[in-house]
Number of protein chains: 2
Amino acid sequence: MNARTRTEERVPLLQAHPGFDRDERGSCPMRDVLDRIGDSWSLLVVINLQERPVRFNALKRSIEGISQRMLTVTLRSLERDGLVRRTVKPTTPPEVEYALTEVGQSIAVPIGALGLWAAQNRDLLVRARARFDAENA
Amino acid sequence: MNARTRTEERVPLLQAHPGFDRDERGSCPMRDVLDRIGDSWSLLVVINLQERPVRFNALKRSIEGISQRMLTVTLRSLERDGLVRRTVKPTTPPEVEYALTEVGQSIAVPIGALGLWAAQNRDLLVRARARFDAENA
DNA sequence: CAGCATCCCATTAGATACTG
DNA sequence: CAGTATCTAATGGGATGCTG
């Protein structure tokens with residue numbers, strides 16, 4: 001989301017890995033996709049939508065620490081990329097529901113795998129970090 | 001990497017998902033790990049180290065667009081978390097090799113899955129984005 | 001409820017110059 | 001080669017106030 005600026009004039013790429021090579025159009029898919037979902041909140045939003053559609057404020061509550069602004073921005077970005085669908089029921093007060101699209105569901109799989117890894121290995125990282133900081137005192 | 005500030009005083013969490021819940025220590029593993037490897041460059045660095053150890057400048061060349069500074073910072077952060085090991089051969093000129101640790105290799109798996117998804121679905125995102133922009137003209 | 005608009009400061013990261 | 005140090009432009013993102 002942030003790297004748009006860079007990306008436009010930098011021709012980013014990543015080489016020598018099957019699937020990560022510079023492609024026909026001359027840019028790296030990984031870099032390209034990372035620019036979209038590689039920010040602080042996108043992954044968490046996707047995970048929170050994985051099981052069922054969620055309304056705006058419910059989503060905001062389940063992702064503690066996210067501001068209204070960032071949730072709006074993130075959702076808009078995901079919608080733009082076709083990962084999330086926004087549905088408005090014209091009631092009063094309005095009821096807006098966000099759901100993963102088909103594509104959104106499919107990216108939720110690898111993201112979920114990463115999340116699982118996070119849950120299982122966090123302690124390792126915490127300890128490694130503590131040791132590193134101790135050694136470099 | 002950036003969200004350290006937030007994390008310290010925000011008690012971030014994510015609820016109602018197996019593996020992503022607030023844990024015993026009261027914070028969300030996903031958020032926690034994302035703060036470490038969720039930046040623009042970490043994932044790309046990990047992928048580039050997946051197959052073999054790589055030296056500093058070689059790494060810099062394979063990740064087009066990364067600045068020397070950001071490569072240094074990213075590598076230091078990964079090393080701190082125990083995902084990357086730095087080996088210096090005291091020759092002249094110095095020869096510094098970066099390699100994934102055991103833990104680094106293990107995170108490379110889900111990251112690779114995400115990368116593969118990126119490679120396979122980028123076109124979809126590009127088209128979705130174009131359509132969205134067209135509709136909101 | 002579900003946003004949008006604005007202000008504004010902290011952080012990020014590129015550019016540049018220097019070193020063992 | 002493999003960095004470090006410094007400066008600065010740009011960005012991200014919180015806070016706040018307003019709306020249909």
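Just so you know, these numbers come straight off a predicted model, no measurement behind them. Lettering follows sequence order; numbering is per chain, from 1.
- Two residues are said to be in side-chain contact when any heavy atoms from C-beta on lie closer than 4.5 Å; B/L78 and B/V45 meet this criterion.
- Rounded to whole Å, the distance from NZ on B/K60 to C1' on C/dA15 is 12 Å.
- Contact annotation: B/T92 does not reach the phosphate of D/dC1 (side-chain N/O to OP1 or OP2, under 4.0 Å).
- Taking atom CD of residue B/E95 and atom C1' of nucleotide D/dA2, one finds them 11 Å apart after rounding to whole Å.
- Using a 4.5 Å heavy-atom cutoff, the side chains of A/L59 and A/F56 are not in contact.
- Toward the 5′ end of DNA chain C lies the nearest nucleotide of A/P94, the other residue of the pair A/P94 and A/R69 mapping further downstream.
- Between the C1' atom of D/dC1 and the CG atom of B/L75 lies a distance of 14 Å, rounded to the nearest Å.
- For A/Q68 against C/dC1, no side-chain N or O and base N or O form a donor-acceptor pair under 3.5 Å.
- Regarding B/R86, its CZ atom lies at a distance of 12 Å from the C1' atom of D/dC1, rounded to whole Å.
- B/L100 and A/F132 fall into different hydrophobic clusters, where Ile, Leu, Val, Met, Phe, Trp and Tyr are joined by side-chain heavy atoms under 4.5 Å apart, directly or via other members.
- For B/M70 and D/dA9, the CE to P distance is 19 Å, given to the nearest whole Å.
- Side-chain proximity of B/V96 to C/dC1, D/dG3, C/dG14: nearest is D/dG3.
- By the criterion of side-chain heavy atoms lying less than 4.5 angstrom apart, applied directly or through intervening Ile, Leu, Val, Met, Phe, Trp or Tyr residues, B/L71 is grouped together with B/L83 in one hydrophobic cluster.
- The minimum heavy-atom distance between B/V103 and B/G82, with the atom names listed, is CB-O, 4.1 Å.
- OP1 or OP2 of C/dA2 lies within a sub-4.0 Å distance of a side-chain N or O belonging to A/R55.
- Remark: C1' of D/dA15 and CD1 of A/I66 are 15 Å apart, rounded to the nearest angstrom.
- Across D/dA2, C/dA2, C/dG14, the shortest atom-to-atom separation from the side chain of B/F56 is found for D/dA2.
- Rounded to whole angstrom, the span from the CZ atom of B/R76 across to the P atom of D/dT4 amounts to 5 Å.
- Between B/Y98 and D/dC1, a side-chain N or O to OP1/OP2 separation shorter than 4.0 Å is absent.
- Per the geometry, CG belonging to A/D39 stands 12 Å off P belonging to D/dG14, to the nearest Å.
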